[in-house]
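For the numbers below, each heavy atom of this structure counts, side chains included, while hydrogens, waters and symmetry mates do not.
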Amino acid sequence: MKSFLITAFILLSGFLFSQTEKTQLPLIPQPNYVAIAQGSFTLSDSTVIVAGEDQFEANYLKSYLKENYGLELRIDSHYPPFKNFISLLTLISNDGGNSNKEFYDLKITTKGIAIKANANEGFFYALQTLFQLMPLDTSVRRTVPCLQIYDSPRYLWRGMHLDCSRHFFSKDEVKKYIDYIAMYKMNTFHWHLTDDQGWRIEIKKYPLLTQISSQRKETVIGKPVDKKGQPLKDVKYDNKPYGGFYTQDEIKEVVAYASERHITVVPEIEMPGHSLAALAAYPQLSCIGGPFEPRTTWGVSDELFCAGNDSSFYFLQDIISEVIDLFPGKYIHIGGDECPKVRWQKCPKCQNRIKEEHLKDEHQLQSYFITRMEKFINDKGRQIIGWDEILEGGLAPNATVMSWRGIKGGIEAAKQNHTVVMSPGKPCYFDHYQVKDRTNEPLAIGGFNPIDSVYNYDPTPVTLSEDQKKYILGAQGNVWTEYILDFKQVEYMAIPRMPALAEALWTKPENKNYRNFIERLKTHSRVLDKKHTNYAKHFKLNTTSK
Ligand code: ACM
Ligand code: ZN
């Protein structure tokens with residue numbers, strides 16, 4: 001029915017559509033249907049925003065136009081949308097309210113701008129499109145071209161991750177990161193809050209987590225390993241204490257900010273491994289009892305929560321209870337990755353647990369650990385997501401898998417009818433180098449992940465059956481920060497790979513074109529310049545894969 005309507009619309013209204021004309025619109029991600037018409041609409045001080053006065057999107061639009069174009073527009077739900085208007089009207093769905101929340105219909109005529117959507121998500125995305133269409137030079141007329149766009153995303157999970165443990169980024173920097181996620185119509189922010197090198201979230205019941213675990217006494221300088229990944233002998237440290245954490249009030253502020261932008265924040269609390277910083281404050285929850293300190297170099301610690309000690313579970317359950325109160329989203333990320341088993345192998349309590357629970361080995365003990373935490377989290381109405389190691393020893397019954405060691409784990413999970421977020425190192429780790437010639441690049445963790453690989457990524461493995469493909473929720477770009485020292489460098493590593501991934505996840509394959517994307521990115525880079533974003537500029541030289 002929709003395609004009939006679109007065809008009829010094109011025939012009746014004389015709207016034209018071609019790939020060349022798409023190129024002229026500096027939109028990222030590329031919308032899934034665009035028709036350009038003759039003429040334009042010019043916003044003025046007398047343009048009226050037709051919407052409810054308390055609607056977030058209407059006020060967001062109003063502030064954007066005031067801040068960027070000096071326009072003072074009135075919001076009026078009774079103004080008839082015939083002339084000089086920007087209307088935000090909810091579509092009356094005929095399927096019991098199940099219509100796609102992220103769909104929007106943006107129509108610009110010489111009379112005004114009509115936005116229709118089923119829900120606020122759609123309005124928000126229509127506004128992102130409108131903002132990208134507005135002229136950058138705010139001193140000229142505020143004119144946008146006549147057109148019609150029908151648009152909705154290909155994937156449900158369009159995520160970006162940020163590691164705030166290895167290096168800490170302030171609440172305001174995190175909000176800036178969320179602004180980029182919003183601009184590219186992504187909808188998930190995976191906040192990596194705990195790791196061996198630092199605990200970054202205030203937990204009221206356990207104040208030592210912020211007093212001790214959030215601080216490391218110094219940080220390794222440069223790479224602690226040689227070209228083959230072997231530890232170096234003469235590692236140097238900077239002798240500077242490093243730390244930071246978010247108070248619960250700051251977390252609430254970030255979550256609310258993201259939520260207004262229709263971005264779900266998924267907090268990650270690592271267990272049972274990657275937990276040395278927590279164990280530095282509560283060593284009695286480890287297998288060997290400590291003493292420990294937060295890790296000052298990169299790589300993985302052997303220390304982990306003792307799985308034979310019930311107190312480990314009670315401690316983590318208390319933490320998760322506070323986390324659940326702070327983060328209203330469906331998913332809690334429990335980590336689960338890179339969990340060395342050497343301590344468990346030697347620990348009498350862990351070995352006793354294996355015997356009592358009739359487990360085969362330490363892999364099954366890890367599965368026991370995750371499943372026990374999953375039950376607690378499920379009982380509170382939430383769902384766990386974990387790195388693909390949680391498949392080892394048996395997947396917890398309701399877990400979602402985030403596949404990072406390639407796509408094998410994701411395929412395996414989908415075959416077991418579990419939902420999956422794809423995040424394979426290549427091309428989803430944005431801490432890798434983005435060009436082959438590293439001469440002028442800041443030190444990175446290694447690897448090579450150019451923008452065209454990111455752009456061309458299709459998260460749905462062709463080897464899955466049509467039924468299994470439905471378990472692939474989408475994908476996520478990860479920004480690990482061992483070698484990313486400040487927020488300027490976060491921008492450099494994330495952008496433009498973030499918009500490339502955004503288009504891979506939003507735009508249907510038949511509407512994607514890499515060359516066309518690069519042309520749009522060149523135009524769009526003026527927006528980034530205006531924001532003083534420290535993005536990587538290799539794409540301007542067309543040398544991205546070299
Ligand atoms: C990971 O990169 N250890 C998930
Ligand atoms: Zn133990």
Is it true that [Y] and [X] share a donor-acceptor pair across their side chains at a distance under 3.5 Å?
X: Tyr492; Y: Glu441; value: yes
X: Asn59; Y: Glu53; value: no
X: Thr264; Y: Thr188; value: no
X: Asp196; Y: Ser301; value: no
X: Asp179; Y: Tyr257; value: yes

Please indicate whether [X] has more than 12 foreign heavy atoms, meaning atoms of other residues, nucleotides or ligands, lying under 6.0 Å from its [atom1].
X: Lys116; atom1: NZ; result: no
X: Lys111; atom1: NZ; result: no
X: Asp137; atom1: CG; result: yes
X: Arg526; atom1: CZ; result: no
X: Lys83; atom1: NZ; result: no
X: Lys537; atom1: NZ; result: yes

Would you say the side chain of [Y] lies within less than 4.5 Å of the side chain of [X], judging by non-hydrogen atoms?
X: Tyr79; Y: Phe85; value: yes
X: Thr129; Y: Tyr125; value: no
X: Lys426; Y: Tyr457; value: no
X: Ser214; Y: Arg200; value: yes
X: Ile319; Y: Thr194; value: no
X: Lys217; Y: Tyr237; value: no
X: Leu106; Y: Ile113; value: yes
X: Lys101; Y: His262; value: no

Between the side chain of [X] and the main-chain N/O of [Y], is any donor-acceptor distance below 3.5 Å?
X: Gln215; Y: Pro294; answer: no
X: Ser213; Y: Ala277; answer: yes
X: Arg382; Y: Ile324; answer: yes
X: Asn511; Y: Gln30; answer: no
X: Arg497; Y: Val454; answer: no
X: Glu322; Y: Lys204; answer: yes
X: Thr247; Y: Glu250; answer: yes
X: Thr297; Y: Val220; answer: no
X: Arg158; Y: Ala502; answer: no
X: Thr143; Y: Thr42; answer: no

Exercise for review: Please lay out, stage by stage, how Thr47 and Leu71 fare under the test side chain to side chain contact (heavy atoms under 4.5 Å, CB included).
Suggested key: CA-CA 9 Å; Thr47 303; Leu71 289 167; over 6 Å; no

Let me confirm one number: the [atom1]-[atom2] distance from [X] to [Y], rounded to the nearest 0.5 Å.
X: Leu473; Y: Thr400; atom1: CG; atom2: OG1; value: 6.0 Å
X: Glu270; Y: Leu276; atom1: CD; atom2: CG; value: 12.5 Å
X: Leu136; Y: Asp529; atom1: CG; atom2: CG; value: 9.0 Å

Point to revise | From CA spacing to verdict: side-chain hydrogen bond (donor to acceptor under 3.5 Å, both in side chains), Glu510, Asn32 | key: CA-CA 9 Å; Glu510 60 269 30; Asn32 281 303; over 6 Å; no

Ring geometry between [Y] and [X] (parallel below 30°, tilted from 30 to 60°, perpendicular above 60°):
X: Trp404; Y: Trp387; result: perpendicular
X: Phe131; Y: Tyr60; result: tilted
X: Tyr429; Y: His432; result: parallel
X: Tyr33; Y: Tyr150; result: tilted
X: Trp191; Y: Phe327; result: perpendicular

Taking all atoms of both residues into account, what is the closest heavy-atom pair of [X] and [Y], and its distance?
X: His192; Y: Glu268; result: ND1-OE1, 2.6 Å
X: Lys512; Y: Glu503; result: CD-O, 4.1 Å
X: Val323; Y: Ile203; result: CG2-CD1, 4.3 Å
X: Ala114; Y: Ser87; result: CA-OG, 3.4 Å
X: Met183; Y: Gln132; result: O-NE2, 3.5 Å
X: Leu65; Y: Met134; result: CD2-CE, 3.7 Å

Check your understanding: Do the ring centers of Trp298 and His167 come within less than 6.0 Å of each other?
Key -> yes

Practice item. In plain terms, say whether Lys240 and Asp238 are close enough for a salt bridge, that is, a side-chain N and a carboxylate O under 4.0 Å apart. Key: no

Exercise for review: Please determine if Glu293 and Arg216 form a salt bridge, counting it only when a charged side-chain N lies under 4.0 Å from a carboxylate O.
Suggested key: no

**Study point:** Full working for side chain to side chain contact (heavy atoms under 4.5 Å, CB included) between Tyr433 and Leu443
**Key:** CA-CA 9 Å; Tyr433 287 98; Leu443 179 67; 4.0 Å; yes

Exercise for review: Could you point out which residue of Tyr184, Tyr180, Phe517 forms a ring pair (Phe, Tyr, Trp, His ring centres under 6.0 Å) with His524?
Suggested key: Tyr184

Check your understanding: With respect to Phe168, which candidate in Phe487, Tyr246, Tyr242, Trp199 satisfies the ring pair (Phe, Tyr, Trp, His ring centres under 6.0 Å) definition?
Key -> Tyr246

Review point. What pairs of residues pass the salt bridge (charged side-chain N to carboxylate O under 4.0 Å, His left out) test when at least one of them lies in residues 160-178, not counting sequence neighbours?
Key: Asp163-Arg166, Arg166-Asp195, Arg166-Glu482, Lys171-Glu253, Lys175-Glu253, Lys176-Glu491

Point to revise | Qualifying residues under ring pair (Phe, Tyr, Trp, His ring centres under 6.0 Å), relative to Trp157, sequence neighbours excluded | key: Tyr331

Practice item. List the steps and the verdict of side chain to side chain contact (heavy atoms under 4.5 Å, CB included) for Asn187 and Glu102. Key: CA-CA 10 Å; Asn187 64 359; Glu102 297 187 305; 3.3 Å; yes

Exercise for review: For side chain to side chain contact (heavy atoms under 4.5 Å, CB included), just list the numbers for Phe124 and Glu260, CA-CA rounded to whole Å, side-chain angles, deciding distance to a tenth of an Å, and then say yes or no.
Suggested key: CA-CA 9 Å; Phe124 188 79; Glu260 284 175 341; over 6 Å; no

Check your understanding: Within 45° of the axis and under 6.0 Å from the centre of the six-membered ring of Phe539, does NZ or CZ of Lys522 qualify?
Key -> no

